[in-house]
Amino acid sequence: MTQRTYAMLKPDVASLHRDAIVKMVTEGGFKIVAQKEYQFTLAAAQEFYAEHEGRPFFDDLTTWISSAPVYAMVLEKDNAIVDWRTFIGPTNSEKARAEAPDSIRAKYGKDGSHNAVHGSDSVESAKREILLVFPELA
Ligand code: CMP
């Protein structure tokens, strides 16, 4: 079933490695149906990552995500949500290098938090995240 997911290149790779990562995205069979550079406010980053509120990394994560523009994309493909998460690799970039060396996080991630890219984890998250960053698609 054709599905949409929300993907984003985090601030440290959004401009530096955008072209290379976008090439991987399209060659991986994902259709980019919307894309834009997007500057989170701190409040918007806190809302985006609300499920992680209270975790020890929450403040650093939301400060970092709102520190410079991200590159946001809506991707479409059969089974896009699970396939995109497989394509980007495990959350921790070191684990990605060990277990999924061809993944985006293995190639462009630094560590457990600075992991290059994001992918929605469920149908509900995808809807919520797309609406937050691309309200014009509603
Ligand atoms: P992301 O897929 O965007 O979703 C939540 C983010 O929180 C995750 O990628 C990482 O950037 C960050 N994160 C998750 N777990 C940890 C952790 N244990 N330590 C630091 N950052 C984390």
Side-chain angles (χ1 to χ4, degrees):
M1 189 189 62
T2 301
Q3 215 175 33
R4 287 185 174 189
T5 194
Y6 174 75
M8 74 178 173
L9 314 191
K10 298 186 181 183
D12 58 336
V13 301
S15 51
L16 201 58
H17 296 299
R18 180 191 306 174
D19 292 349
I21 297 175
V22 165
K23 188 164 181 272
M24 284 179 79
V25 170
T26 52
E27 287 179 356
F30 297 89
K31 183 179 170 193
I32 303 173
V33 298
Q35 58 192 314
K36 65 181 178 187
E37 204 170 71
Y38 183 74
Q39 175 68 58
F40 276 93
T41 61
L42 179 59
Q46 288 167 340
E47 188 179 355
F48 184 88
Y49 281 120
E51 69 182 283
H52 298 293
E53 201 175 344
R55 309 267 305 263
F57 57 83
F58 183 73
D59 287 348
D60 283 349
L61 174 67
T62 52
T63 300
W64 175 52
I65 288 295
S66 58
S67 67
V70 301
Y71 197 65
M73 294 178 285
V74 177
L75 305 182
E76 199 171 81
K77 184 188 178 296
D78 277 355
N79 208 28
I81 294 171
V82 166
D83 284 3
W84 175 244
R85 283 176 69 89
T86 302
F87 196 70
I88 64 181
T91 301
N92 188 305
S93 310
E94 297 298 344
K95 194 174 176 211
R97 279 186 270 283
E99 296 177 6
D102 293 331
S103 66
I104 295 177
R105 282 171 167 162
K107 290 185 175 167
Y108 296 103
K110 290 194 182 81
D111 54 34
S113 191
H114 301 90
N115 57 1
V117 284
H118 169 84
S120 311
D121 64 3
S122 67
V123 173
E124 291 68 33
S125 297
K127 280 192 185 137
R128 192 181 73 86
E129 293 169 2
I130 290 170
L131 208 58
L132 275 174
V133 178
F134 292 94
E136 63 273 24
L137 296 184

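Ligands are counted one by one from 1 in listed order, and the atoms in each one are counted from 1 as well.
Closest non-hydrogen pair, S66 versus F40, comes out as CB-O, 3.3 Å.
Not one N or O on the side chain of E76 forms a donor-acceptor pair closer than 3.5 Å with the backbone of K31. In this structure, the side chain of S120 engages the main chain of Y6 through a donor-acceptor pair within 3.5 Å.
Contacts of F134 classified as ring-ring contact (aromatic ring centres under 6.0 Å, His included), with partners at least two apart in sequence or in another chain: none. Among residues two or more places apart in sequence or in another chain, the side chain to side chain donor-acceptor pair (under 3.5 Å) test is passed with K10 by N115. Evaluation of the side chain to side chain donor-acceptor pair (under 3.5 Å) rule for N92 yields no partner, not counting sequence neighbours.
Residues with a heavy atom under 4.0 Å from ligand 1: K10, Y49, H52, F57, L61, T91, R105, G112, S113, N115, H118.
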